[in-house]
Amino acid sequence: MTLLSQDQLRSLLLGLDGQSYKAYKSLQGAYDCGDFTLYLDYIQGDPFAAPSQARVWIPQSVAQFPTDLYRNSSRAVALADYLTRQFYQATRGPSPRRGSGKSGLIEIVRPSQAVLGRSAAQVSEAGVELRFTVGLPAFGRRIVGRQAAELLGEDVPDIVLATACYGSLSASEIERHVTVIEDGDWLRSHLETLGLVAFVADGAILPRRSGVDERPLLEAATPFQSPESLRVMVDLPNGGRITGMGIPQGITLIVGGGYHGKSTLLKALEMGIYNHIPGDGREYVVADPSAFKVRAEDGRSVTGVDISPFINHLPQGKSTCAFSTSNASGSTSQAANIMEALEVGAKVLLVDEDTSATNFMIRDRRMQALIAKDREPITPFVDKVRQLWGDHGVSTVLVMGGSGDYFDMADTVIALDSYVPQDVTAQAQAIAAKYRTDRATEGGLHFGRLTPRRIRPQGIDPSQGKRDVKLKVRSTDEIRFGTEEIDLSAVEQLVEPGQARAIAVAIVHAQRHYLDGQKPLAGVLDAVLADLKTQGLDCLDDRRRGDLVYFRALELAAALNRLRTLQVVI
Ligand code: ADP
Ligand code: MG
């Protein structure tokens, strides 16, 4: 197939001038722009509608990235991430006005502070691919050919050549990006052999500018400094020797006065499942890849989850071995969140008192005296946390400033004092011995059953009206799935809307290929994740979208579990 040249594209565009917007549809196809190939994969029907999808392919003969920069998957993801950021920066700031609506806009997905695999950029031995959107120019609903020719013939090539060619970028900055990310992955993958669930480097900056600004708090921040007894030394493949606080496996409490930085530390651990860009402050703050934040989430729906380790003998004899509700309470939602995370392989639970149900976390001696065990359905987490570790090897890191009842359960106690952590394990144990809680333990010898669920494909319907699949995602908080809304606002480890978008299409993929009512949920998710690993994000959606971002099985499960129409095989 011979492609149209850039000049031919230009004449084509000038020829469309003044025609109705729909005539742009004829542009769909590929164009040889000399240094790169431009693909127009989807053409918008209207200047105010979602913009058109474009893609460029730059062969390595032009892009010239040294193979070293993408020789393993950590580096390839990091390099692609770097290029996405360069492209994103280049499209910020004033763009030439090229007409009404989205006319003239060039956009790539907005990267967060996390370095993630995204469909927006890919680098291989053969070349670089970038995916972005363009707003094809119009005045009113009439095509402006000259503006379109400038957009596709000048603006796009300018950005592409400035951001996707090694020669036009800072070699040292790229090197830094790639090596820092490789070190982060290395560190995370070595936590287990070190007997750790997380590592927080000395000097790390944990606080963020605000609840809505993920960038580091700079001047005012106290850099992290490990207590001597928890300090671990590691030799990174690229970055040399670093030290930091190792959080051991088992049960760890983070205590300290209000406003002393407890939740900030936990949040950094939550985000430690991702690598962060150089300068973020959390480059070497890493957590076990399966670490999962669990919290209370009253109002959520729960479908067929065995929450019996925590909750039994509900009023009216409601079963808790396959517990369903369309409106969970604080405690039942937190129990379900934990059991669902265990179902798909979480080995570390992260819990913050700020977002927990009190009656799920503790039940003290006085309350035990007043409300007999057979009148209280809840076995509090404090009575199960050790069994969870003993029976299933699941560690817990828990922020708890309000109750000392957990001292008896903890292997490690870290106190934050004006943001500075101290190892107070020995003191906490001495206090536990001196002031007994005199609680009756309620948890029994064992944690209890983990019951795998099988999901029925019938309960999942992405259609709406005439459309077989209608999905919409605007933020990390919600997926519109057909006529349903999946509330993800309590799924706290999603950082980019693209992850929610990919999860939405992954649910459809899972339903079409793997959900047969037989396979346990964990097996279904493994199959989806295996497809992603071998075929990339495009296996979820064949439309060559540039707006999908990698996610974990844990978050995919979390979304599925919050679908209110979900059905399980009982
Ligand atoms: P806690 O959970 O102990 O009540 P937070 O973690 O919510 O405390 O932190 C309280 C405030 O202190 C937040 O505004 C946070 O951004 C800030 N903060 C946390 N850690 C640091 C630090 N290392 N340096 C400066 N400010 C910090
Ligand atoms: Mg807090």
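Each ligand, and each atom within it, is numbered from 1 in the order the structure gives.
- Atoms of ligand 1 lying under 4.0 Å from at least one heavy atom of Gly257, given by number and element, are 3 (O).
- By the 4.0 Å heavy-atom criterion, Gly258 is counted among the residues contacting ligand 1.
- Counting protein heavy atoms only, atom 18 (N) of ligand 1 is closest to Tyr419 CE2, 3.4 Å.
- Protein heavy atom closest to atom 16 (O) of ligand 1, with residue, atom name and distance, is Pro207 CB, 3.8 Å.
- Considering only residues two or more places apart in sequence or on other chains, Leu218 meets the side chain to side chain contact (heavy atoms under 4.5 Å, CB included) condition with Arg209, Pro216.
- Look at Glu192 and Lys347 and you find no salt bridge, because none of the NZ, NE, NH1 or NH2 atoms lies under 4.0 Å from a carboxylate O.
- Of all the atoms in ligand 1, the ones that sit under 4.0 Å from a non-hydrogen atom of Ala221 are 24 (N), 25 (C).
- Residue Asp354 places no N or O, backbone or side chain, under 3.5 Å from any N or O of ligand 1.
- For Thr179 and Asn238, the side-chain atoms include no donor-acceptor pair closer than 3.5 Å.
- Protein N/O/S atoms found under 2.8 Å from the Mg ion (ligand 2), listed by chain and residue number: Ser263 OG, Asp354 OD2.
- The proximity of Tyr259 to ligand 1, defined as any non-hydrogen pair under 4.0 Å, involves the side chain as well as the backbone.
- Of the candidates Arg110, Lys267, Arg282, Glu214 forms a salt bridge (charged side-chain N to carboxylate O under 4.0 Å, His left out) with just one, namely Arg282.
- Summary of contacts: the protein heavy atom closest to atom 23 (N) of ligand 1 is Thr222 O, 3.0 Å.
- No side-chain donor-acceptor contact under 3.5 Å links Asp374 and His313.
- Of the options Glu297, Glu485, Glu555, Glu484, a salt bridge (charged side-chain N to carboxylate O under 4.0 Å, His left out) to Arg562 is made by Glu297 and by none of the others.
- The structure places OH of Tyr419 at 8.0 Å from NE2 of His260, a figure rounded to the nearest 0.5 Å.
- Contact check on Arg366 versus Asp438 returns no salt bridge, with no Lys/Arg side-chain nitrogen under 4.0 Å from an Asp/Glu carboxylate oxygen.
- No side-chain N or O of Asn561 forms a donor-acceptor pair with one of Arg300 less than 3.5 Å apart.
- Side-chain atoms of Asn327 and Thr325 form no donor-acceptor pair, as typed in the model, at a separation below 3.5 Å.
- Residue, atom and distance of the protein heavy atom nearest to atom 8 (O) of ligand 1 are Gly261 N, 3.2 Å.
- Each of the following atoms of ligand 1 lies closer than 4.0 Å to a heavy atom of Ala220: 25 (C).
- With respect to atom 7 (O) of ligand 1, the closest heavy atom belonging to the protein is Ser263 CB, 4.0 Å.
- Side-chain contact of Ser329 with Asp298: a donor-acceptor pair under 3.5 Å is absent, judged by distance alone.
- Using a 4.0 Å cutoff on heavy atoms, Gly401 does not count as a contact of ligand 1.
- Donor-acceptor pairing under 3.5 Å is recorded for the side chains of Asp202 and Thr243.
- When the options Ile254, Leu206, Thr264, Asp352 are ranked by their closest heavy atom to atom 5 (P) of ligand 1, first place goes to Thr264.
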